[in-house]
Amino acid sequence: MTSRAALAAVGSAVILLTGACADPAMERVSLDTPTVFTTPAVPTVGTTSSAPMTPAAPPATSLDAPMATGPARPVTGAPRFFVVARTPIAHFDDRSKTATYTPVRPAVHDAETGELVAEVPLPPGVRSSWHLVAAAPDNRTFALTGWTGPDSPIRFFTLTLDENGRPGEPVPVPRPERDDPDLAETMALSADATRLAYATKLIGGGAKISVLDLATGRRRDWSTREQSMITGLAWAPDGRTLAWVAGGKAIGLLDLARRDTDLMAATQFAAQGKWLLQSLAYTPDGGALVYSTGHTIERLTLDGQGETRVLARPELPRSASLGLRFSIEGTGRHLMFTHEWQRFVVDLADGSTTSAPITARERAGNPPSATW
């Protein structure tokens with residue numbers, strides 16, 4: 001493990017993939033009028049400024065036990081479904097800087113064929129699409145986040161699929177004692193589906209990891225000014241550690257039992273000096289991490305030896321993003337990522353990759369990402 005001091009010079013790389021698949025026209029019916037607001041400015045990430053930093057909001061600490069130590073949701077075999085989510089579709093009028101945003105629904109797809117199984121309803125009051133989705137290992141339990149409108153906080157919901165992949169009504173997570181003003185950059189659902197971890201940027205620079213109790217809305221925050229972007233999160237199977245990607249170049253292990261609210265003080269670093277780190281996931285036994293560095297998928301042991309092994313180097317089109325945002329299913333064997341409207345599945349046992357199209361009613365706007 002490397003020390004906090006060794007990570008002080010770690011920079012920031014941002015590769016943020018968003019996506020989904022649904023029918024935008026259907027959501028227009030559920031809204032009185034389309035959502036209209038001026039396009040927000042995009043914050044500069046990974047740069048420094050001589051201007052004074054805006055003081056961070058006090059951390060939320062009402063969640064006394066952020067660990068997720070309940071029984072893991074059972075894995076019953078290969079996944080049968082995956083869920084996609086994406087940002088709203090933006091429409092700009094001629095000679096106008098104001099965009100009209102049309103929400104699109106998340107959707108459930110067949111894991112073997114990619115065919116659409118069902119669309120997921122947007123709960124009342126949610127003005128935007130889901131832009132992130134996370135899964136428990138059972139392939140039936142998911143968490144989503146949506147935006148309730150301009151100058152309004154993000155909200156989290158849980159979703160359960162039946163044995164045929166049909167979604168129930170999304171269940172809202174109780175509102176926490178302190179709202180986050182910005183959208184989550186990445187999130188991960190614990191194996192027992194009781195806790196949701198997510199990362200946001202801090203106003204004035206820096207980043208924050210939050211763990212949310214899905215039953216009560218209570219939250220625990222850890223923040224830092226030393227890292228400006230967190231691109232990946234993963235729960236250890238025992239629910240006591242949270243792995244996170246620091247600035248696209250390092251992997252940290254956050255000890256959830258620590259009382260610190262300082263993210264760096266509560267973290268040990270398992271790897272650094274990487275490049276274009278994006279997603280990561282624990283192996284089912286918790287003994288190693290699988291992560292993407294560029295388009296290469298590697299495995300890092302957590303036994304103190306830090307052995308690294310290449311698992312796969314999938315070939316992607318030249319137009320693909322420089323990094324991979326992936327999801328690993330509950331057995332730990334298959335990894336999935338998307339490019340445009342194609343879904344790629346990597347067999348981590350032999351490194352082979354297969355691809356298939358994702359069926360959609362409407363392909364306007366951003367292409368989909370997927371989680372299973």
Side-chain angles (χ1 to χ4, degrees), residues 1-15 66-69 134 137 185-191 195 197-199 206-211 220 222-313 323-328 332 335 348:
M1 300 289 182
T2 57
S3 68
R4 171 180 175 175
L7 265 292
V10 171
S12 177
V14 182
I15 317 291
M67 295 78 72
T69 57
E185 302 289 341
T186 184
M187 67 183 192
L189 185 60
S190 63
R195 303 285 192 271
Y198 65 96
K208 174 168 66 71
I209 291 176
S210 301
V211 170
R220 172 69 64 85
W222 296 262
S223 62
T224 179
R225 292 292 190 181
E226 298 180 30
Q227 300 294 331
S228 58
M229 177 63 75
I230 296 170
T231 60
L233 292 169
W235 284 88
D238 66 4
R240 299 179 182 277
T241 304
L242 195 66
W244 60 284
V245 175
K249 293 186 178 181
I251 296 175
L253 303 177
L254 171 60
D255 181 357
L256 297 175
R258 291 279 299 265
R259 306 299 297 183
D260 304 83
T261 58
D262 183 325
L263 178 59
M264 302 298 278
T267 294
Q268 289 185 304
F269 285 88
Q272 63 173 320
K274 299 291 183 179
W275 182 243
L276 294 174
L277 285 172
Q278 182 77 21
S279 293
L280 76 171
Y282 277 88
T283 55
D285 63 2
L289 283 167
V290 176
Y291 58 89
S292 61
T293 172
H295 293 170
T296 300
I297 298 166
E298 298 181 351
R299 182 181 187 272
L300 172 70
T301 61
L302 298 174
D303 57 2
Q305 302 299 314
E307 178 186 352
T308 299
R309 178 163 57 94
V310 174
L311 298 179
R313 289 190 174 95
L324 292 181
R325 180 172 291 246
F326 66 72
S327 171
I328 294 182
L335 174 153
L348 297 179

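Atoms considered below: every heavy atom in the structure, side chains included; atoms not considered: hydrogens, waters and symmetry mates.
When all heavy atoms are compared, the tightest approach of Gly239 to Leu256 is O-CD1, 3.7 Å. Pro237 and Pro284 make their closest contact through CG-O, 3.4 Å (heavy atoms, listed as atom of the first residue, atom of the second, distance). Across Ser292 and Phe326, no two heavy atoms sit closer than the pair N-CE2, 3.6 Å. For Ala134 against Leu189, the heavy-atom pair with the smallest separation is CB-N, 3.8 Å. In terms of heavy-atom proximity, Leu233 sits nearest to Ala199 at CD1-N, 3.8 Å. Of all heavy-atom pairs spanning Ala265 and Asp260, the tightest one is CB-OD2, 3.9 Å.
The side-chain heavy atoms of Thr308 and Lys274, taken from C-beta on, include a pair separated by under 4.5 Å. Looking at Gln278 and Val245, their side chains never come closer than 4.5 Å, going by heavy atoms from C-beta outward. Looking at Tyr282 and Leu302, their side chains come closer than 4.5 Å, going by heavy atoms from C-beta outward.
Atom CE in Met67 sits 8.5 Å away from atom CG in Asp255 (nearest 0.5 Å). The CZ atom of Arg220 sits 4.5 Å away from the CZ atom of Arg259 when rounded to the nearest 0.5 Å. Distance check, rounded to the nearest 0.5 Å: CG of Leu280 to CG of Leu300 gives 10.0 Å. Atoms CD and CZ, on Glu298 and Arg313 in that order, are 7.5 Å from each other to the nearest 0.5 Å. Rounded to the nearest 0.5 Å, atoms CD1 (Ile251) and CG (Leu289) are 6.0 Å apart. To the nearest 0.5 Å, atom CD of residue Gln227 and atom CD1 of residue Ile209 are 10.0 Å apart.
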May I have the step-by-step check of side-chain contact (heavy atoms from CB on, under 4.5 Å) for Thr186 and Arg325, ending in yes or no? CA-CA 10 Å; Thr186 184; Arg325 180 172 291 246; 3.8 Å; yes

Residues Leu324, His295; criterion side-chain contact (heavy atoms from CB on, under 4.5 Å); working and verdict: CA-CA 6 Å; Leu324 292 181; His295 293 170; 4.0 Å; yes

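In this structure, the side chain of Trp235 does not engage the main chain of Ala191 through any donor-acceptor pair within 3.5 Å. A distance-only check finds no donor-acceptor pair linking the side chain of Thr241 to the backbone of Leu253 [under 3.5 Å]. No donor-acceptor distance shorter than 3.5 angstrom exists from the side chain of Thr224 to the backbone of Leu263, with no hydrogens or angles considered. A donor-acceptor pair under 3.5 Å is formed between the side chain of Thr293 and the backbone N or O of Trp275. Between the side chain of Asp238 and the main chain of Arg240, a donor-acceptor pair closer than 3.5 Å is present.
Each of Tyr198, Tyr291, Phe269 was scored for a ring-ring contact (aromatic ring centres under 6.0 Å, His included) with Trp244, with one residue passing: Phe269.
Atom CZ of Arg299 has more than 12 heavy atoms from other residues, nucleotides or ligands within 6.0 Å.
Looking only at atom types and distance, the side chain of Thr267 has no donor-acceptor partner in the side chain of Trp222 under 3.5 Å away.
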